[in-house]
Amino acid sequence: MKVRFAPSPTGALHIGGARTALYNWLAARHGGGQMVLRIEDTDLERSTPENVAQILDALRWLDLDWDEGPISQLGRAEAHAAALRKLLDSGAAYRDSATADDVKAWKVEHGSDRGYRGTPSEDGSGAIRLRVPDDGDTVVDDLIRGEVRFPNRSYDDFVIARGDGSVLYNFAVAVDDADMGITEVIRGDDHLSNTPKQLMVFEALGIEPPRYAHVPLLHGPDGKKLSKRHGAASVQELRDAGYLPEAIRNYVALLGWGPGDDETLLTTAELIERFRPEDVGRSSAVFDEKKLRWMNGRYMRDMPIEDYRSAVRSFVDAETAGRPLNEERFRFGCEIVQEKAQTLQEVWPLIRFLFEPPVQDDKAWRKVMKGDAERVLTEVEAVLIDLPQGEEGPNRDGFSIGAVQAVLEPLPEKLDLGAGKVFQPIRVAITGTTISPGIFESVAALGREETLARVEAARSKLRDQD
RNA sequence: GGCCCCGUGGUGUAACGGUUAGCACGUCAGGUUUUCAACCUGGUAGCGCGGGUUCGACUCCCGCCGGGGCUACCA
C-alpha cells in the first residue's frame, strides 16, 4: 500500500490541507504502507520555493513524516514527455491548434452538455489533447462515495500539455501516480470531477489506476470552500496561536471522521489504529476553533510538566525578547498555571507578574481598590512579615504555598469580610489585575521580598488616593 | 448553462427500518463559600421540505429546496 500527499505550493498549508495530509499519513501508518510527498509545482505562475519550505515546515511541525520525497513534479519532465510521446504515437492524444476561444465557440454551437472534440492540426502545432470517447461512462469506484458515473460526452478532449510541451495537472498527476506505484489516492472532494480525466489517462497509458477516496472539503463558517484566501488558518498561524501539534492532529482527524464510538480524545497511536479512509463521512465540515481550544487545553493539562515548560518557553521568549528569566520562578509559574491555560499563548499573561512589575489596569484597580482594601492590605502585610524565614517555598524564603495559605486563609473571618474582599486586593496589588493563578500560589511564587514591596506600594498608592 | 457531490441541534459526529434520536464543543443556570480557567451538576437546542414504499421511516425510492465542487493551454 502506498499513498501520496501532493500539495501545490501556491500558499501555506492550511487546516484543510493538513487534514488531507493527516488522513494520508494515518492510512499509510495504519496499513503498514508508505507515504510519498510530491510537490505539484507545475504552475509556474503561482508556485514558489518559499511556499514549498512553508509546507515542509508545517508537516514537520505536525510530526507527519513521509517515506519518499519531497519530489518535485517539475523535476519529472522527462517522464511526462515520455508518456506524452507514447500517447501521441498511439493516437490516444493529438495536437490541436484550437484556442480556448475556439473551444468556447464550438460549445455554443454544439450545446453546453457536450464536451469539445477537436481535430488534429495539419502542421503539428497547438496544444496536446486527449481523445475522449463520445459514448459510455467513466466510473470512479470511490472508497467513500461508492460508484460515481460520469458521462464521457460531457468531458472535453482536454488539454494534457501546452503547445510548448509543458504538461498540465490532470495528466501529470496520472503519470506520476502510475510511475510511483500509488495504490490509494486520498484527496479533497474538489478533485472528484477531475478523476475521470485522470482515469482516461491511465486507460490511454494502459496502466491500472489506483483506488480513490475523496474526502469532503472543509468549509468556512459561511459554507464556502476553505482556502488560503478564504479565512483558512495556516498551520503556522495555529502554531503561533499556541496550539499543540497533537491537539491539532486529534481535532482535525475528527473533522469528517469518527472512531465509531463516543471517544473524542484520541492519541495518535489510537488514530493510527482506528482510522480507515472508507469510514470518512461524505458531508463537508466546518472548522470550529472553539472546540480546538478546548481540546488543546485538555492536551496541555495532560502534558508532563517538563514538556509543558519547554512548550511554553518559546512563547515566553517571544514576549521577553529572549531576556533570561529567573529559572526557579519560571518552573514554579508553569506548575501553577498548567491547569488554567487553553493555549500556550495564554500562559505568559498569567505569569508575567513574576518577572515584571504589576501591569497597569486602571479598571481592575478601581473595581477592587476601594472600601476596606487599605485595611486589608495593612493586615496582609502584617501577617506576611510575621511569616518565619526558612528554606521552604520556590524562593527559599519561607513563602511556601502552605505557609502563605495558613496565614491568609483565616483573614476573611478575622476581618469579617467576604473572601473576595480580601483576596482580590492582594491579587491586584501583586499582579496589577484581577486575573491570576490562585492567590496563595501567586504570593508564594513571587516571594517574600517582592510581595511585601508590592503590597506596600499598593498601600501607599491607596493612601495618596484618599 | 452542463456534469457531479452533499443535507441529524449553532459546530463536529452516533444511531442506518422500531431508541425518550446518543456523545463532544458551544451556550444557559447552579456548585466549588479567591478572580479567571479548569472541574462537578442540571438545562438548552437537531433528523431541510413534500410525496411515496412499509404495520412502522432520520434511516429505502422520487421530486423539490438549500449548500458545495468541477466545467482553464490552474492545481
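Proteins come first, then strands; the chains are lettered A, B, ... in the order of their sequence lines, and each starts at number 1. Quick note: numbers below take in every heavy atom, side chains included, and nothing from hydrogens, waters or symmetry partners.
- Listed nucleotides: rU35(B), rC25(B), rG22(B). Nearest to the side chain of Trp294(A): rC25(B).
- Only the C1' atoms considered, rU11(B) is 25 Å distant from rC36(B), to the nearest whole Å.
- Pairs of residues two or more places apart, or lying in two chains, that qualify as side-chain hydrogen bond (donor to acceptor under 3.5 Å, both in side chains) and include a residue from residues 335-351 of chain A are Arg293(A)-Glu346(A).
- If you check distances only, the side chain of Asn194(A) does reach the base of rA75(B) with a donor-acceptor pair under 3.5 Å.
- Ion pairing of Arg38(A) with Asp177(A) is present here, as a side-chain N (NZ or NE/NH1/NH2) and a carboxylate O approach within less than 4.0 Å.
- Taking 4.0 Å as the cut-off between side-chain N and carboxylate O, Arg211(A) and Asp141(A) count as a salt-bridged pair.
- We find that Glu381(A) and Arg459(A) are joined by a salt bridge, their nearest charged nitrogen and carboxylate oxygen being less than 4.0 Å apart.
- Residue Arg153(A) places none of its side-chain N or O atoms closer than 4.0 Å to OP1 or OP2 of rG2(B).
- A salt bridge is absent between Arg153(A) and Asp135(A): the closest approach of a Lys/Arg side-chain nitrogen to an acidic carboxylate oxygen does not fall below 4.0 angstrom.
- Residue Asp113(A) has its side chain nearest to rG2(B) when only rC5(B), rU71(B), rG2(B) are considered.
- Across the P atoms, rG2(B) and rA15(B) are found 36 Å apart, a figure rounded to whole Å.
- Side-chain atoms of Ile160(A) and Asn170(A), non-hydrogen and from C-beta on, never get closer than 4.5 Å to each other.
- As rounded to the nearest Å, rA29(B) and rU13(B) have P atoms that lie 29 Å from one another.
- Distance check on atom C1': rG67(B) versus rU35(B) gives 44 Å, rounded to whole Å.
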Notebook entry, point to check: For every nucleotide of nucleotides 44-49 of chain B, 5' to 3': is a protein heavy atom under 4.0 Å from its base (B), only from its sugar-phosphate (S), or from neither (-)?
Noted result: ------
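- Within 4.0 Å of Thr264(A), counting heavy atoms only, lie sugar-phosphate atoms of the nucleic acid but no base atom.
- Proximity note for Lys340(A) (side chain, C-beta onward) versus rA75(B), rG69(B), rU35(B): the nearest is rU35(B).
- For Val148(A), whose side chain is taken as the heavy atoms from C-beta onward, the closest listed nucleotide among rU71(B), rC4(B), rU8(B) is rC4(B).
- For the P atoms, the distance linking rA21(B) with rG1(B) amounts to 40 Å, nearest Å.
- Separation of the P atoms belonging to rC55(B) and rG63(B) is 24 Å when rounded to the nearest angstrom.
- Taking 4.0 Å as the cut-off between side-chain N and carboxylate O, Arg131(A) and Asp157(A) do not count as a salt-bridged pair.
- Arg301(A) has a side-chain polar atom (N or O) that falls below the 4.0 Å cut-off from OP1 or OP2 of rC39(B).
- Between Asn296(A) and Tyr243(A), the closest heavy-atom pair is OD1-CA, 3.3 Å.
- Distances were taken from every side-chain heavy atom of Lys291(A) (C-beta onward) to each of rG12(B), rG22(B), rC70(B); the shortest belongs to rG12(B).
- Remark on RNA chain B: of its neighbouring residues Val167(A) and Ser112(A), the 5'-side contact belongs to Ser112(A), judged by nearest-heavy-atom nucleotide.
- Separating the P atom of rU44(B) from that of rG10(B) is a span of 15 Å, rounded to the nearest Å.
- Remark: Ser284(A) is not in phosphate contact with rC5(B), judged by side-chain N or O atoms under 4.0 Å from OP1 or OP2.
- Taking only distance into account, the side chain of Arg46(A) meets the base of rC74(B) through a donor-acceptor pair shorter than 3.5 Å.
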Margin query: If a pair means Watson-Crick or G-U wobble with both distances below 3.5 Å, what does RNA chain B look like in dot-bracket form, with | marking bases paired to a different strand?
Written below: (((((((..((((....[...))))((((((.......))))))...(((((..]....))))))))))))....
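- The existence of a salt bridge linking Arg114(A) and Asp134(A) is confirmed by a sub-4.0 Å separation between a basic side-chain nitrogen and an acidic carboxylate oxygen.
- Proximity note for Ala285(A) (side chain, C-beta onward) versus rA72(B), rG12(B), rC6(B): the nearest is rG12(B).
- Both the sub-6.0 Å distance and the 45° axial angle are satisfied by Lys461(A) relative to the ring of Trp365(A).
- Rounded to whole Å, the C1' atom of rU71(B) lies 45 Å from the corresponding atom of rG18(B).
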